[in-house]
Student: 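Pasting a structure below so you can have a look.
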Amino acid sequence: MKPELRELGLTTRGFMPEDEGMALYEAALSSNHDSKNNSPLLEIGSYCGKSSIYIGAAAAELNKTLFCIDHHRGSEENQAGWEYHEPDLVDKETGQLDTLPHFRKTIAKANLENTIVAIVGDSIQVANNWNTFLSFLFIDGGHGTKPAHNDYDAWTPYIEVEGTLCIHDVFENPKDGGRPPYEIYCRALESKMFQEISATGSLRVLKRIAR
Ligand code: SAH
Ligand code: MG
């Protein structure tokens, strides 16, 4: 990965430790199982663009497009009074959380504006209007039971065989964090349609082996 992008990944705010970000980059890079195939990469949950840098860096090298979906209003745990609330991300006029300006700045700084297409909206609403196979899917949106399982149900059918599924915040031990990302990781394995490739911190990289 280009050193300047690696540096930007480190300094951009968000929730992606460097080792997991690098694993994400490697996973995205090796998602190019068929070089004649031009299917895009997609991220659910971008926040300020920290993880988008790692996936975007790979997408740029592959000459592919990365779609980044986020309504930019934050998840439950980002709202006022919750654990991951950052007050300076609140738009003073609307009183709502707004990470879109930060995301946009990150992508511009990363020089990835020709690689990344932002989709601002609800991931399920987008999925209901989606019709394109994906070579790579990263799930890091809402971490509650419904949002996580809905993202799994709505988006994993679009991953092509040999394509890559990455899930963030997978904690085998309940003491380390919430269950839903772990539950959808288990669903993927139990479906027998995915095989685990690697685990780095709370990041799980899976490959689609059947449909
Ligand atoms: N990947 C980011 C962190 C994502 S935090 C990083 O590397 O820092 C989770 C994000 O998911 C939040 O920005 C939130 O706005 C978004 N999100 C939650 N539910 C969503 C939904 N239903 N549709 C779109 N985005 C959603
Ligand atoms: Mg995460």
Side-chain angles (χ1 to χ4, degrees), residues 5-6 8-25 27-28 41-59 66-80 82-86 88-91 94 96-107 109-110 112 116-130 136-155 165-171 176-185 199-205:
L5 283 184
R6 214 174 151 158
L8 190 65
L10 265 180
T11 54
T12 299
R13 64 200 285 178
F15 311 101
M16 184 53 63
E18 194 185 24
D19 58 334
E20 299 176 31
M22 288 310 291
L24 201 54
Y25 166 76
L41 298 79
L42 190 138
E43 166 177 86
I44 307 168
S46 305
Y47 202 62
C48 299
K50 194 176 179 77
S51 51
S52 321
I53 293 173
Y54 295 99
I55 309 170
L66 165 63
F67 290 98
C68 290
I69 303 179
D70 201 309
H71 49 42
H72 289 282
R73 295 299 189 205
S75 302
E76 203 173 43
E77 61 272 22
N78 304 123
Q79 306 305 320
W82 290 72
E83 192 179 354
Y84 295 102
H85 181 58
E86 301 183 275
D88 65 308
L89 295 178
V90 174
D91 180 322
T94 63
Q96 287 180 292
L97 206 82
D98 187 5
T99 49
L100 182 55
H102 301 266
F103 172 81
R104 200 149 200 223
K105 204 169 278 179
T106 300
I107 302 317
K109 277 193 206 162
L112 287 171
I116 292 180
V117 175
I119 302 180
V120 182
D122 174 63
S123 63
I124 301 307
Q125 191 179 350
V126 179
N128 289 340
N129 292 279
W130 191 263
F136 178 95
L137 174 67
F138 175 51
I139 301 183
D140 194 21
H143 287 24
T145 299
K146 253 189 126 177
H149 284 272
N150 284 349
D151 279 337
Y152 180 85
D153 289 328
W155 283 104
L165 167 64
C166 291
I167 306 175
H168 199 225
D169 303 304
V170 171
F171 299 110
D176 297 329
R179 301 314 278 156
Y182 174 71
E183 288 163 12
I184 63 171
Y185 156 78
T200 306
S202 73
L203 181 77
R204 296 292 174 279
V205 179

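Starting from 1, each residue takes its place in the sequence as its number. Source: prediction; values computed, not measured. One-based numbering, in listed order, for ligands and for the atoms of each. Computation of the quantities below employed the complete heavy-atom set of this structure, encompassing side-chain atoms and omitting hydrogens, waters and symmetry-equivalent molecules.
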Student: Which residue and non-hydrogen atom of the protein lie closest to atom 9 (C) of ligand 1, and at what distance in Å?
Tutor: D140 O, 3.3 Å

Student: Return yes when atom CZ of R6 has more than 12 non-hydrogen atoms of other residues, nucleotides or ligands closer than 6.0 Å, and no otherwise.
Tutor: no

Student: Atom 24 (C) of ligand 1: which protein heavy atom is closest, and how many Å away?
Tutor: G121 O, 3.3 Å

Student: Between T12, D70, I53, which one has a non-hydrogen atom sitting closest to atom 10 (C) of ligand 1?
Tutor: D70

Student: Check the surroundings of atom CD in Q96: do more than 12 heavy atoms from other residues, nucleotides or ligands lie under 6.0 Å from it?
Tutor: yes

Student: Where does S46 meet ligand 1, judged by heavy-atom distances below 4.0 Å: at the side chain, the backbone, both, or neither?
Tutor: backbone

Student: Answer yes or no for P147: is there a heavy-atom contact with ligand 1 below 4.0 Å?
Tutor: no

Student: Suppose we only allow N, O or S atoms; which atom of D169 ends up nearest to the Mg ion (ligand 2)?
Tutor: OD2

Student: Does a side-chain heavy-atom distance below 4.5 Å link D70 with V120?
Tutor: no

Student: In H168, the N, O or S atom nearest to the Mg ion (ligand 2) is which?
Tutor: ND1

Student: Purely on distance, is any nitrogen or oxygen of I69 under 3.5 Å from one on ligand 1?
Tutor: no

Student: Do any of the N, O or S atoms of H143 sit under 2.8 Å from the Mg ion (ligand 2)?
Tutor: no

Student: Would you check the N or O atoms of N78, main chain and side chain alike, for any that come under 3.5 Å of an N or O of ligand 1?
Tutor: no

Student: Is the shortest N/O to N/O distance between G14 and ligand 1 below 3.5 Å?
Tutor: no

Student: Polar-atom distance check: S123 versus ligand 1, any N or O pair below 3.5 Å?
Tutor: yes

Student: Any Lys/Arg nitrogen of R13 or D88 sitting under 4.0 Å from an Asp/Glu carboxylate oxygen of the other?
Tutor: yes

Student: Any N or O of F15 that comes nearer than 3.5 Å to an N or O of ligand 1?
Tutor: yes

Student: Might you work through the side-chain contact (heavy atoms from CB on, under 4.5 Å) test for N78 and H85, ending with a clear yes or no?
Tutor: CA-CA 4 Å; N78 304 123; H85 181 58; 5.6 Å; no

Student: Polar-atom distance check: D122 versus ligand 1, any N or O pair below 3.5 Å?
Tutor: yes

Student: Check D140 and report its N/O/S atom nearest to the Mg ion (ligand 2), by atom name.
Tutor: OD1

Student: Counting heavy atoms only, which of E77, H143, H71 is nearest atom 25 (N) of ligand 1?
Tutor: H71

